[in-house]
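These figures come from a predicted structure and were not determined experimentally.
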Amino acid sequence: MGQTGITRRYRFCAAHRLHTDHLSPEENWAAFGKCNNPNGHGHNYVVLVTVAGSGEGSGKQGVDLGQLDRIVTERIVRRFDHHDLNQDPEFAHQTTTGENLVLLIWDLLAPQLPPGQLQKVGVIETRDNYFEYSGPARQAAQRTGGQHG
């Protein structure tokens, strides 16, 4: 039986600085360029959350959108909106790349939803940078460096 899904869009604005203590100042600049600015920079993030719907032709939506909106607002938007991502405890030992952010968002949402309901999380960071993850939550524990923007 096939499965449908629904994607909801959420927004938050946040600042960050792409920097790692494992690199020298010159290496950080070479890796991250202007995104390594000591004063940081900001993005108007768009988060796309896709959850499983019901089976084909069942006539049921299978997703409580009000509950999904509450979960994402509480766990993601309130946590990150108008904050410096580098100050978030989850980023204490990793770089605030889009890859790491999308993995963290997955990990924050997956336990709050019925098993198997979360299908995909996407993060639009800039006009040209989109990050996406779908998979087991614990794989996100392997977060490391990544691309910048």
Side-chain angles (χ1 to χ4, degrees), residues 3-53 61-149:
Q3 188 174 23
T4 61
I6 183 168
T7 301
R8 300 284 282 181
R9 181 186 328 248
Y10 305 91
R11 294 172 179 82
F12 66 86
C13 302
H16 72 139
R17 176 187 186 206
L18 292 176
H19 180 85
T20 178
D21 293 336
H22 298 90
L23 299 176
S24 70
E26 295 78 20
E27 291 169 319
N28 268 294
W29 180 258
F32 303 121
K34 65 182 180 180
C35 296
N36 183 246
N37 181 330
N39 296 318
H41 64 282
H43 297 286
N44 296 317
Y45 290 95
V46 176
V47 177
L48 304 169
V49 177
T50 302
V51 293
Q61 185 174 357
V63 176
D64 181 339
L65 295 179
Q67 179 184 19
L68 177 63
D69 290 347
R70 284 188 297 279
I71 290 168
V72 176
T73 298
E74 176 185 311
R75 299 288 177 164
I76 307 305
V77 176
R78 286 186 186 156
R79 179 176 181 152
F80 298 125
D81 193 32
H82 289 85
H83 287 89
D84 180 345
L85 298 179
N86 297 88
Q87 301 303 312
D88 190 284
E90 287 293 326
F91 287 113
H93 301 291
Q94 64 180 334
T95 307
T96 56
T97 62
E99 293 94 337
N100 288 335
L101 180 60
V102 77
L103 291 169
L104 175 57
I105 291 172
W106 176 279
D107 279 354
L108 292 170
L109 293 179
Q112 303 302 313
L113 299 168
Q117 190 175 57
L118 185 59
Q119 289 183 330
K120 180 171 54 175
V121 172
V123 173
I124 300 170
E125 181 182 64
T126 68
R127 181 194 67 187
D128 298 325
N129 290 348
Y130 171 73
F131 306 91
E132 182 176 284
Y133 182 75
S134 61
R138 288 298 67 192
Q139 184 170 338
Q142 301 171 6
R143 293 188 286 269
T144 59
Q147 297 299 312
H148 59 279

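With no hydrogens or angles considered, no side-chain donor-acceptor pair links Asn86 and His16 at under 3.5 Å.
Atom OG1 of Thr97 sits about 7.0 Å away from atom CZ of Phe131, to the nearest 0.5 Å. From Thr126, atom OG1 reaches atom CG of Asn44 across 11.0 Å, with rounding to the nearest 0.5 Å. Arg79 contributes atom CZ, which lies 14.5 Å from atom OG1 of Thr73 (distance to the nearest 0.5 angstrom). Asp88 CG to His83 NE2: the interatomic distance, rounded to the nearest 0.5 Å, is 9.0 Å. Atom-to-atom distance recorded for Thr4:OG1 and Gln119:CD is 8.0 Å, nearest 0.5 angstrom. Interatomic distance, CD of Glu90 versus CG of Asn100, reported as 10.5 Å (0.5 Å rounding).
Contact record, Pro111 with Trp106: CD-O, 4.5 Å, taken as the closest heavy-atom pair. Shown here for Val123 and Tyr45, the closest heavy-atom pair between the two residues is CG1-CD2, 3.7 Å. Between Ala52 and Gly116, the shortest heavy-atom distance links the atoms CB-O, 4.1 Å. Scanning all heavy atoms of the two residues, the minimum distance from Leu23 to Asn28 falls at O-ND2, 3.2 Å. Closest heavy-atom contact between Gly122 and Tyr130: CA-OH, 3.5 Å. Closest of all the heavy-atom pairs between Cys13 and Asp81 is N-OD1, 2.8 Å.
Without hydrogens or angle criteria, Arg78 side chain to Glu74 main chain gives no donor-acceptor distance under 3.5 Å.
Between Ile105 and the choices Asp107, Val102, Leu101, the side chain to side chain contact (heavy atoms under 4.5 Å, CB included) rule is met once, by Leu101.
Pairs of residues two or more places apart, or lying in two chains, never qualify as salt bridge (charged side-chain N to carboxylate O under 4.0 Å, His left out) while including a residue from residues 23-50. Residue pairs that meet the salt bridge (charged side-chain N to carboxylate O under 4.0 Å, His left out) test with at least one member in residues 7-25, sequence neighbours left out, are Arg8-Asp69.
Not a single salt bridge (Lys or Arg N to Asp or Glu O under 4.0 Å) links Asp84 to another residue, sequence neighbours left out.
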For this session: Determine, stepwise, if the pair Thr96 / Leu18 fulfils side chain to side chain contact (heavy atoms under 4.5 Å, CB included).
Result: CA-CA 6 Å; Thr96 56; Leu18 292 176; 3.8 Å; yes

